[in-house]
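What follows is a set of notes on a single structure, which appears directly below.
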Amino acid sequence: MAIRKTGLLGGSFDPVHLAHIALAESARRTLGLDEVQLIPAADPWQRAPLAATGQQRLEMLEIATRAHPHLHVNPVEIQRGGPTYTIDTVRELPRNIDYYWILGADQLRNFCTWQCWREIAGLVTLAVAQRPGAHLAPPRALTEHLRESGGRLIQLPFAPTAISATLIRERLAAGEPTDGMLDLAVAQYIQQNGLYPAPVA
Ligand SMILES: Nc1ncnc2c1ncn2[C@@H]1O[C@H](COP(=O)(O)OP(=O)(O)OP(=O)(O)O)[C@@H](O)[C@H]1O
Ligand SMILES: O=C(O)c1ccc[n+]([C@@H]2O[C@H](COP(=O)([O-])O)[C@@H](O)[C@H]2O)c1
């Protein structure tokens, strides 16, 4: 039997947007993955506190993936709680599966600041997508490490997409449209739950 291939897309998903879904589907097609798991971080330790709760981000992910049978939401980091270190997640993965950690060029540049990044690079194959404003070049320490360890970095053929959660939060707070950036049902969820409101003047 062929070895299963699973993609892992970790993120803050504050909120999940259409580039996340397009990226997961693009990686699935390119790499021939059986599934992609979207894994919301509980408390991304390098970022300011998130606006939506873990439960709300999980619910938005469930809504955004429901028409995508090969995309699954993995709540393991929210359930574990506390500061989120990817190494804790990949150490717990069942073996006998090929894992691909999917990430944008911005996080690739940041990769060598992650806890135990060398160990992560040994447990998963990195699959990176370009992103407007982020040069697609791995840090030198990562290139050297992959050369020495025989690890791989795959560049996904993902067209640069100018959608970010930051832009969406800013637009919503300014009362501006987010057309083409959010799943419509996610946009409705945001409105119904009063997320990302304009600051009180
Ligand atoms: N438009 C995009 N193109 C390529 N990769 C993306 C894009 N948006 C997000 N990603 C990647 O998806 C992963 C999760 O991203 P995250 O949830 O932080 O969204 P974000 O849009 O980067 O949010 P924020 O603007 O709050 O930083 C990261 O690896 C990030 O690089
Ligand atoms: O493990 C770490 O130290 C680490 C440091 C920074 C980011 N990450 C992970 O990278 C993914 C994208 O993070 P972010 O901040 O772009 O949403 C998400 O799964 C984070 O948990 C992980």
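Computed from a predicted structure; not experimentally measured. Order of listing sets the numbers, starting from 1, for every ligand and every atom in it. Residue numbers run from 1 in the order of the sequence given.
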Exercise for the section: Would you check whether G11 has a nitrogen or oxygen atom less than 3.5 angstrom from a nitrogen or oxygen atom of ligand 2? Expected result: yes
Practice task
Give yes or no for whether the N/O distance cutoff of 3.5 Å, strictly under, is met between A129 and ligand 1.
Solution key: no
Problem - side-chain contact (heavy atoms from CB on, under 4.5 Å) between I120 and W101, worked out - result: CA-CA 9 Å; I120 297 173; W101 189 274; 5.7 Å; no
Problem - Expected output: side-chain T53 to main-chain Q56 donor-acceptor under 3.5 Å - result: yes
Handout entry: same_hphob_cluster(L136, L156) at 4.5 Å side-chain heavy-atom cutoff
Key = no
Exercise for the section: Using distance alone, determine whether Q107 and ligand 2 share an N or O pair under 3.5 Å. Expected result: yes
Handout entry: Under the side-chain hydrogen bond (donor to acceptor under 3.5 Å, both in side chains) test, residues paired with R109 that sit two or more places apart
Key = none
Practice task
Return yes when atom CD of Q191 has more than 12 non-hydrogen atoms of other residues, nucleotides or ligands closer than 6.0 Å, and no otherwise.
Solution key: no
Exercise for the section: For atom 29 (O) of ligand 1, find the nearest protein heavy atom and state the residue, atom name and distance (0.1 Å precision). Expected result: G104 N, 3.1 Å
Exercise for the section: With heavy atoms only and a cut-off of under 4.0 Å, state how Q130 meets ligand 1: side chain, backbone, both or neither. Expected result: backbone
Fill in the blank from the handout: protein heavy-atom neighbour closest to atom 31 (O) of ligand 1 works out as D106 OD1, 2.6 Å
Practice task
Take the angle between the ring planes of F111 and W114 and call it parallel below 30°, perpendicular above 60°, tilted in between.
Solution key: tilted
Problem - Nearest neighbour in protein (non-hydrogen) for atom 1 (O) of ligand 2 - result: T86 N, 2.8 Å
Completion exercise
Among V16, L23, L167, the residue with a heavy atom nearest to atom 5 (N) of ligand 1 is L23
Exercise for the section: Under 4.0 Å from a heavy atom of L103: give me the atoms of ligand 1 that qualify, with their elements. Expected result: 29 (O)
Practice task
Verify, without hydrogens or angle tests, whether R169 (side chain) and D14 (backbone) share a donor-acceptor contact under 3.5 angstrom.
Solution key: yes
Practice task
Give the residue and atom name of whichever protein heavy atom lies nearest to atom 5 (C) of ligand 2, and the separation in Å to one decimal.
Solution key: W114 CD1, 3.4 Å
Exercise for the section: Report yes or no: does a heavy atom of W45 sit under 4.0 Å from some atom of ligand 2? Expected result: yes
Practice task
Flag Q115 as yes when one of its N or O atoms lies below 3.5 Å from any N or O atom of ligand 2, and as no otherwise.
Solution key: yes
Exercise for the section: Could you tell me whether some N/O pair between Q46 and ligand 2 is separated by less than 3.5 angstrom? Expected result: no
Exercise for the section: Report yes or no: do E59 and N193 form a side-chain donor-acceptor pair below 3.5 Å? Expected result: no
Problem - Closest protein heavy atom (residue, atom, distance) for atom 12 (C) of ligand 2 - result: G10 O, 3.7 Å
Practice task
Show your reasoning for whether side-chain contact (heavy atoms from CB on, under 4.5 Å) applies to L142 and L126.
Solution key: CA-CA 11 Å; L142 175 60; L126 297 174; 4.0 Å; yes
Problem - W101 touching ligand 2 at heavy-atom level, < 4.0 angstrom - result: yes
Completion exercise
Nearest non-hydrogen contact to atom 18 (O) of ligand 1 from the set R109, R47, H17, R169 belongs to R47
Handout entry: Within-cut-off N or O pair, R47 and ligand 2, under 3.5 Å
Key = yes
Problem - Protein heavy-atom partner closest to atom 12 (O) of ligand 1 - residue, atom, separation in Å - result: H20 CD2, 3.6 Å
Run the side-chain donor-acceptor check on residues 71-81: report pairs under 3.5 Å with partners two or more places apart or on a different chain.
| from | atom 1 | to | atom 2 | distance (Å) |
| --- | --- | --- | --- | --- |
| H72 | ND1 | E35 | OE1 | 2.7 |
| H72 | NE2 | P69 | O | 3.3 |
| N74 | OD1 | V76 | N | 2.9 |
| N74 | ND2 | Q37 | OE1 | 2.8 |
| E77 | OE2 | T89 | OG1 | 2.6 |
| R80 | NH1 | T89 | OG1 | 3.4 |
| R80 | NH2 | T89 | OG1 | 3.0 |

Practice task
Identify, for atom 25 (O) of ligand 1, the protein heavy atom at the shortest distance, and state residue, atom and that distance.
Solution key: T166 OG1, 2.4 Å
Completion exercise
atom 2 (C) of ligand 1 sits nearest the protein heavy atom R131 NE, 3.4 Å
Exercise for the section: Please indicate whether any nitrogen or oxygen in I163 is less than 3.5 Å from any nitrogen or oxygen in ligand 1. Expected result: yes
Practice task
Is it possible for you to say whether L8 and L108 belong to one hydrophobic cluster, with membership spreading through side-chain heavy-atom contacts below 4.5 Å?
Solution key: yes
Exercise for the section: Tell me which protein heavy atom sits closest to atom 13 (C) of ligand 1, plus the residue, atom name and distance to 0.1 Å. Expected result: G10 O, 3.5 Å
Practice task
Using atom types as modelled and distance alone, determine if a side-chain donor or acceptor of D34 lies under 3.5 Å from a backbone N or O of K5.
Solution key: yes
Exercise for the section: Kindly assign one of parallel, tilted or perpendicular to the pair W45 and Y85, based on the angle between their ring planes and the thresholds 30° and 60°. Expected result: tilted
Practice task
Output yes when a side-chain donor or acceptor of R57 lies under 3.5 Å from a complementary backbone atom of A41, and no otherwise.
Solution key: yes
Practice task
Considering the heavy atoms of Y85, write down every atom of ligand 2 situated less than 4.0 Å from one of them.
Solution key: 1 (O), 3 (O)
Practice task
Would you mind telling me if ligand 1 is within reach of the side chain of A19, the backbone, both or neither, using heavy atoms under 4.0 Å?
Solution key: side chain
Completion exercise
Near F13 (heavy-atom distance under 4.0 Å), the atoms of ligand 1 are 17 (O)
Problem - Enumerated ligand 1 atoms positioned under 4.0 Å from heavy atoms of G11 - result: 14 (C), 17 (O)
Fill in the blank from the handout: min-distance protein heavy atom vs atom 23 (O) of ligand 1 -> A165 CB, 3.3 Å
Exercise for the section: If you have a sec, work out which protein heavy atom is nearest atom 17 (O) of ligand 2 and how many Å separate them, to one decimal? Expected result: S12 OG, 2.7 Å
Handout entry: hydrophobic_cluster_shared for V124 and L23, side chain cutoff 4.5 Å
Key = no
Problem - Cluster overlap I39 with V186, hydrophobic side-chain contacts below 4.5 Å - result: no
